[in-house]
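FYI, side chains are in, hydrogens and waters are out, and symmetry mates aren't considered; it's all heavy atoms of this structure. Everything quoted here is computed from the prediction, not taken from an experiment. One-based numbering, in listed order, for ligands and for the atoms of each.
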Amino acid sequence: MLARFSPAAAQAAAPLVVETQHLSLVLAVGDNHRLYQRYLGPRLLAPADYARLAGGHEAYVSAGLDNLFEPAVGLTHADGNPSLELLFVDAQTAEPSPGVRTTTVRLRDPQYPVEVLLHYAAYAAEDVIKTWTEIKHQERKALVLNHYASAMLHLQAPQYWLTQFHGDWAEEMRQQEAPLTSGIKVVDSKLGARADVYQTPAFFLALGKAADETSGEVLAGTLGWTGNFRLAFELDNQNDLRLSAGINPYASAYTLAPNTPFVTPEFIFTYSTQGKGQASRNLHRWARRYGVLDGTQPRLTLLNNWESTFFDFNEPKLDAIMADAGRLGVDLFLLDDGWFGNKYPRSADNAGLGDWQPTRTKLPNGLGHLVQEATKNGIKFGIWLEPEMVNPKSELYEKHPDWLLKLPNRPEDLSRNQLVLDLTNPKVQDFVFHTVADVFTQNPGLAYVKWDCNRPMTNAYSQYLGADQSHLYVDYVRGFYKVCERLRQQYPHVPIMLCSGGGGRTDYGALKYFTEFWPSDNTDAAERVFIQWGYSNFFPALTLACHVTNWNPQQSLKFRTDVAMMGRLGYDVDLAKLTPAELAFSQQAVKEYKRLSPVIWQGDQYRLRSPYESNQPVVLYVAADRARAVLFAYNLHTRFHETVLRVRLQGLDPARRYRVAETNLVPGTTSRLADQGQTYSGDYLMQVGLKVSDDEARALTSHVLELTAE
Ligand code: DGJ
C-alpha cells in the first residue's frame with residue numbers, strides 16, 4: 001500500500017496557481033488529500049487572495065468511488081476492481097521557454113500502483129492554458145481505461161451559454177448558441193479518421209449571459225485530436241458546470257500495459273472578460289507562436305487545377321496551366337488528384353488510390369518535368385496526396401489486402417469508392433511515410449503538399465490489432481501522428497495543407513505538423529463568409545486556405561477574390577477562360593494581397609459585424625504595431641433600400657491618425673466610398689466609425705479598405 005499521507009503535505013497547503021497575464025486556474029489539496037479546483041477565472045489582483053479560496057470540485061474526478069457525475073478518468077484494475085482514488089503526491093513547475101510555465105501535478109491511488117499526471121502549460125502573454133493528462137501504472141497485468149479525459153474544468157455561473165459549430169460536407173462550421181440546461185450536453189464525433197465535419201471540437205462557453213464579440217465572460221476551448229472527440233458539459237444539481245474534454249471513449253476501452261504511459265491529447269483554452277473577439281485573438285496569437293507549424297512565417301499563394309480540370313488533364317494541359325500561374329503571379333502551382341496509377345489509372349475516383357506512381361499516359365515525363373516547367377515559369381510546384389486511403393481497384397489493394405480496415409464476415413463499405421488503410425499497423429505507417437517522403441526524394445523541387453483524407457471510418461476493423469479492436473480509433477490517430485513526426489524530422493518546413501474532403505481535419509493536434517487547412521469544398525463566396533467566420537473563432541487567418549473558384553460564377557470575380565483574401569489566397573479557376581480585364585484584376589489582386597497579407601496573417605482580428613446578425617458583415621485585421629489595418633466589408637443578400645450602416649472599428653491607436661484607402665478595386669473603376677482618401681483619428685474611427693459601403697449597396701458586393709497610420 002502506498003502512503004496515504006504524502007510527504008509533500010506542506011507543499012499541499014499552498015494553492016497551486018496556473019496563471020497567465022489575465023487568467024488563473026487555482027488548485028489546492030484538501031484535507032482528504034484529493035486535488036480540488038478552487039477557482040477558474042480572471043486573475044485576482046492580490047495573490048494572497050488565492051489562499052482564501054475554499055471548496056470547489058475535485059479537479060480530475062475518478063470513477064468508481066463516491067463520484068455521482070461525469071468522471072474524467074475511469075478504469076478497471078488488473079484484479080477487476082473498477083475504482084480509482086487519486087491523491088496528491090507532488091507538483092512541479094518549470095519554465096521551458098520565456099513566457100511559458102508548466103505545472104505537473106502527480107496524483108496516485110493509495111491502494112493500487114496507478115499514477116495520473118495532470119499537465120498544464122500556461123502561456124502568459126497569450127492568456128492560453130494547454131492541459132493534458134498522463135496515466136500510467138505498475139500493476140502486474142494490464143488494466144483497462146474506460147474514460148481518459150484530457151481535461152476537466154469546473155465553472156460556476158447563474159447561466160451557461162454554449163456556442164457550438166456543426167455542419168456537413170460543404171456546410172461546415174454553422175454556428176449555434178443556446179443556454180445549457182441540467183444534465184449533460186455532449187458534442188462529439190465518431191468518424192475515426194478525422195475529428196469533424198458534423199461537429200467541431202471547439203466551442204465558446206459564456207458565463208452568466210450570452211457573450212458577444214466585445215462583452216461577456218467566455219471560455220473558448222478546443223481539443224487537439226484528429227479523431228473521435230468528446231466535449232461534455234454537465235450541469236449538476238447545484239447549477240455548477242463540469243466540463244470534460246478528450247478522446248471519445250466510445251468503443252475505445254484501452255488496455256494499458258504496465259509502465260506504458262497513456263498520454264491524452266491536449267485541450268487548449270483561453271478565458272476572456274471582453275467577449276468572444278478577445279478569446280479568438282488569444283487563440284490566434286497562441287496558435288501562430290506555438291500551435292501551428294511555422295505560424296509566424298509567410299504562406300504561399302497558389303493556383304490549383306482541381307476545379308478547372310478534375311481528373312481530365314495531361315502534360316501539355318498542365319504545362320499551359322503552369323504558364324498561366326506564372327502570368328497570374330502566384331507563388332506555386334498545386335497539382336491535385338488524378339496524376340497517379342498505371343495498372344489502374346486514376347481517371348475517376350474509383351481507381352488508382354494507393355498506387356503513387358505518375359500515370360505514364362498522362363504524364364510521360366513524370367513529375368520531374370512538371371517541377372522543371374514550374375521553375376521555368378518562376379513558380380514552385382506542389383502536389384496532392386491521399387496516402388491513408390486505397391481504392392479496391394488498385395495494385396496496393398491487390399498486394400496488401402491485410403493493410404485495410406475491413407470487417408470480417410461483412411461486405412466492404414465503400415465511401416467515395418475507397419477504404420481506409422490500417423494506420424495502427426507499423427508497416428502501413430511505413431508505407432504512408434514513404435509515399436510522401438519518396439515524392440520529395442524523387443522530386444527535390446517539390447515545395448508543397450495537399451494531404452487529403454476523403455472518408456471517415458465505417459465497418460472498421462483492424463487486421464493488425466487482433467483482440468485489441470477497441471484500440472483502433474486511438475491508435476489510428478497515433479499512427480497518423482507518428483508518420484507526421486517522421487516526415488517533419490526529414491522535412492521540417494515544407495508547407496502541407498490538411499484537407500479532409502473539406503473541413504474534416506481542422507484541429508490543433510494535426511496543425512502541429514501542418515501549415516494550413518482546407519476549410520470546405522464549398523467555395524461559393526457568400527457561403528465562405530460564414531464558413532471562414534466560423535473557423536476564425538479558433539484559427540488564425542493564415543491557417544485557412546481560401547481559393548477563388550467558379551463554384552458560383554454568378555458572383556463577381558471581385559467579390560470572390562475579396563472573400564478569399566481573408567485567409568491564405570489561392571485560385572482554382574481556368575485562367576484561360578478569364579477575360580483580359582478579369583486576368584488584369586486577378587494579377588493586381590495577387591500583388592495587392594502580397595502587400596496586405598502580413599497584416600491579415602499576423603495581425604489581430606476583429607470581427608466587427610457578424611453575417612449571422614447582419615447582411616453587412618465586416619472583419620478587420622490590425623497589425624501588432626497598430627500602424628496598418630485591413631478591413632473587409634460585404635453586402636450579402638441586400639434588401640430593397642437597405643440602409644448602409646456605419647461600423648465602429650476596434651483595435652486602433654486612438655491617438656494616431658489613419659488614412660483610409662479602398663484597395664483591390666477593379667481596374668478602371670474608382671472608389672465610391674464617402675471616406676475614400678480621408679484621414680481620421682483612431683479615436684474617431686472607433687467611436688464614430690466608417691461607412692464601409694456606398695449608399696447603393698448591391699447584393700454580393702465587397703470592399704477592401706486599407707488604413708495606414710500617418
Ligand atoms: C477533396 C478535396 O476537398 C478537393 O479539394 C479535392 O482535392 C478532391 N478531394 C480531390 O479528390
Inset, instruction - Pick out which of Leu472, Leu419, Asn425 makes a side-chain contact (heavy atoms from CB on, under 4.5 Å) with Leu405. - result: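 Only one option passes, and that is Leu472.
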Measure up the [X] and [Y] rings against each other and bin them: parallel (under 30°), tilted (30 to 60°), perpendicular (over 60°).
X      : Y      : result
His547 : Trp518 : tilted
Trp286 : Tyr508 : perpendicular
Phe539 : Tyr535 : tilted
Phe204 : Phe165 : perpendicular
Tyr593 : Trp601 : perpendicular

Inset, instruction - Select all protein residues for which some heavy-atom-to-ligand 1 distance is less than 4.0 Å, and list them by chain and number. - result: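 Correct list: Trp306, Asp336, Asp337, Trp384, Arg416, Lys450, Asp452, Asn454, Cys499, Gly501, Gly502, Trp518, Asp521.
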